[in-house]
Amino acid sequence: MKKWHLCLVGVMIAAVLTGCSDSNEPNYSEADLPYGATMLTDTHSGNVPITYDRRFFSPEEVKTLSDYFYALESKDEKLLDDTTLDLYTDFVVESLYQGILGMDGLVVDMNSKFAAEEDVPYTIEEVEVKSYYTIDDEESMDLVNLYNMLKELSGDENYISQHISDGKYITYNIRTNTDGTIKLFEDQMLFLINVDGAYVVCS
């Protein structure tokens with residue numbers, strides 16, 4: 001699992017920066033450092049700042065995340081539609097809302113998840129990607145379960161191999177501002193997958 005190892009990160013960074021005066025001490029390259037060692041905040045790719053480790057996420061992934069969260073913040077149903085997987089979203093609408101909500105109602109309901117007060121607008125100050133799993137990480141079955149669900153929903157046993165080229169199960173923190181009141185929502189989760197060459201969110 002790619003996750004925080006703060007103590008180890010501190011030791012490794014110190015070793016890299018000082019060059020280790022003791023010749024017996026190992027030298028670490030950036031590639032040896034765990035997730036979280038080279039964090040940056042992208043404020044240019046979209047309207048919502050995304051903090052992440054630049055070694056593990058592409059600009060396209062970061063842009064998709066920023067657009068997705070801006071869709072929630074602004075209740076933009078078209079942008080939410082553009083940044084989510086129709087197959088998955090249709091399932092959520094049908095199973096959780098019995099088809100009562102369309103995309104316009106869904107975006108309002110999802111927006112309310114991060115509201116400090118009901119029906120009060122907020123801005124998202126930052127989304128911090130804390131950690132992620134890929135399909136190769138044995139610790140998590142979440143992506144496997146998602147892929148099995150998508151195969152079943154599509155009715156195509158080859159859906160994953162033919163349409164999905166990358167996938168991450170992400171844990172994140174999100175900080176909102178409601179008229180000066182800051183609220184932090186920790187350890188939220190979503191899927192970010194590449195379907196037919198474009199990244200989309202399943203949440």
Side-chain angles (χ1 to χ4, degrees), residues 39-52 54 56-132 142-143 146 149-150 153-154 163-203:
M39 299 291 279
L40 63 81
T41 301
D42 186 327
T43 59
H44 303 290
S45 295
N47 292 289
V48 172
I50 306 293
T51 298
Y52 66 105
R54 58 179 170 76
F56 298 97
F57 287 84
S58 68
E60 292 79 15
E61 289 174 284
V62 174
K63 178 68 162 60
T64 299
L65 289 173
S66 183
D67 286 346
Y68 167 76
F69 285 109
Y70 187 64
L72 300 188
E73 175 189 293
S74 60
K75 301 180 186 179
D76 187 330
E77 59 185 279
K78 182 181 184 307
L79 188 57
L80 182 65
D81 189 40
D82 290 343
T83 55
T84 54
L85 180 62
D86 291 344
L87 189 65
Y88 183 86
T89 303
D90 291 345
F91 167 76
V92 170
V93 169
E94 192 60 40
S95 62
L96 296 183
Y97 302 101
Q98 287 74 53
I100 296 173
L101 295 182
M103 188 61 70
D104 55 342
L106 180 62
V107 72
V108 171
D109 190 65
M110 293 177 69
N111 166 278
S112 67
K113 178 179 180 180
F114 301 118
E117 301 176 48
E118 187 176 355
D119 297 328
V120 177
Y122 60 84
T123 58
I124 299 176
E125 294 204 327
E126 180 192 27
V127 173
E128 176 195 8
V129 179
K130 292 180 60 180
S131 63
Y132 73 93
D142 297 284
L143 270 169
L146 174 68
M149 176 193 295
L150 296 180
L153 292 175
S154 68
H163 297 280
I164 297 180
S165 58
D166 184 29
K168 292 184 176 72
Y169 180 60
I170 293 172
T171 301
Y172 66 92
N173 294 340
I174 180 171
R175 189 174 71 246
T176 64
N177 186 328
T178 306
D179 292 332
T181 299
I182 305 299
K183 192 164 185 179
L184 179 65
F185 300 84
E186 296 185 279
D187 298 325
Q188 306 296 306
M189 279 81 72
L190 58 75
F191 296 97
L192 180 65
I193 59 178
N194 189 307
V195 181
D196 296 328
Y199 282 99
V200 288
V201 170
C202 296
S203 177

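The first residue of the sequence shown is numbered 1, and numbering continues consecutively from there. What you are looking at is a predicted structure, and each value in this text was computed from that prediction instead of being measured.
Separating the OH atom in Tyr169 from the OG atom in Ser131 is a distance of 9.5 Å, to the nearest 0.5 Å. For the atom pair CD (Glu128) and CD1 (Ile174), the distance works out to 11.5 Å, reported to the nearest 0.5 Å. Atoms NZ and OG1, on Lys130 and Thr171 in that order, are 7.0 Å from each other to the nearest 0.5 Å. In this structure, CE in Met110 is found 5.0 Å from CG in Leu72, a value given to the nearest 0.5 Å. Atom CE of Met189 is separated from atom CG of Asp142 by 8.0 Å, given to the nearest 0.5 angstrom. Taking OG1 of Thr123 as the start and OH of Tyr70 as the end, the distance is 10.5 Å to the nearest 0.5 Å.
Not counting sequence neighbours, the partners of Ser203 by the side chain to side chain donor-acceptor pair (under 3.5 Å) test are Tyr68.
Nearest approach of Thr64 to Thr83, heavy atoms of both residues: O-CG2, 4.3 Å. Minimum interatomic distance between Gly167 and Leu143 (heavy atoms only, all atoms of both residues): O-CD1, 3.6 Å. Taking every heavy atom of both residues into account, Ser45 and Lys63 meet most closely at O-CD, 2.5 Å. In plain terms, the two heavy atoms of Leu79 and Asp76 that are nearest each other are N-OD1, 3.0 Å. Closest heavy-atom contact between Phe69 and Ile124: O-CD1, 3.4 Å.
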Exercise for review: Quick one: do Tyr88 and Met149 satisfy side chain to side chain contact (heavy atoms under 4.5 Å, CB included)? Show the steps, please.
Suggested key: CA-CA 9 Å; Tyr88 183 86; Met149 176 193 295; 4.0 Å; yes
Exercise for review: Before giving the answer on side chain to side chain contact (heavy atoms under 4.5 Å, CB included), spell out for Leu192 and Val201 the whole-Å C-alpha distance, their side-chain angles and the decisive distance to 0.1 Å.
Suggested key: CA-CA 5 Å; Leu192 180 65; Val201 170; 4.0 Å; yes
Check your understanding: Does the pair Asp67 and Asp82 meet the rule for a side chain to side chain contact (heavy atoms under 4.5 Å, CB included), with working shown?
Key -> CA-CA 9 Å; Asp67 286 346; Asp82 290 343; over 6 Å; no
**Study point:** side chain to side chain contact (heavy atoms under 4.5 Å, CB included) between Leu150 and Val195, worked out
**Key:** CA-CA 11 Å; Leu150 296 180; Val195 181; over 6 Å; no
Would you tabulate the side-chain donor-acceptor contacts of residues 179-186 under 3.5 Å, counting partners in other chains and residues two or more places apart, or write 'none'?
none

Using distance only, find each side-chain donor-acceptor pair of residues 97-107 under 3.5 Å and give its atom names and separation, not counting sequence neighbours.
residue, atom, partner, partner atom, Å
Tyr97, OH, Asp109, OD2, 2.4
Gln98, NE2, Ser95, O, 3.0

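Geometrically, Lys168 engages Phe57 in a cation-pi contact, judged by NZ or CZ lying under 6.0 Å from the ring centre and within 45° of the ring axis.
Contact annotation: the side chain of Ile50 never approaches that of Tyr172 to less than 4.5 Å [non-hydrogen atoms, C-beta and beyond]. Residues Asn47 and Glu73 are not in side-chain contact: their nearest non-hydrogen atoms beyond the backbone lie 4.5 Å or more apart. Counting only heavy atoms from C-beta outward, the side chains of Phe91 and Leu87 never approach each other to under 4.5 Å.
A donor-acceptor pair is defined here as one N or O able to donate and one able to accept, closer than 3.5 Å; such a pair exists between the side chain of Tyr122 and the backbone of Asn111. Proximity of a side-chain donor or acceptor of Asp187 to a complementary backbone N or O of Asn173 within less than 3.5 Å is not detected. Ser66 contributes a side-chain N or O that, together with a main-chain N or O of Val48, makes up a donor-acceptor pair within less than 3.5 Å.
When the shell of 6.0 Å around CZ of Phe114 is examined, it contains more than 12 heavy atoms from other residues, nucleotides or ligands.
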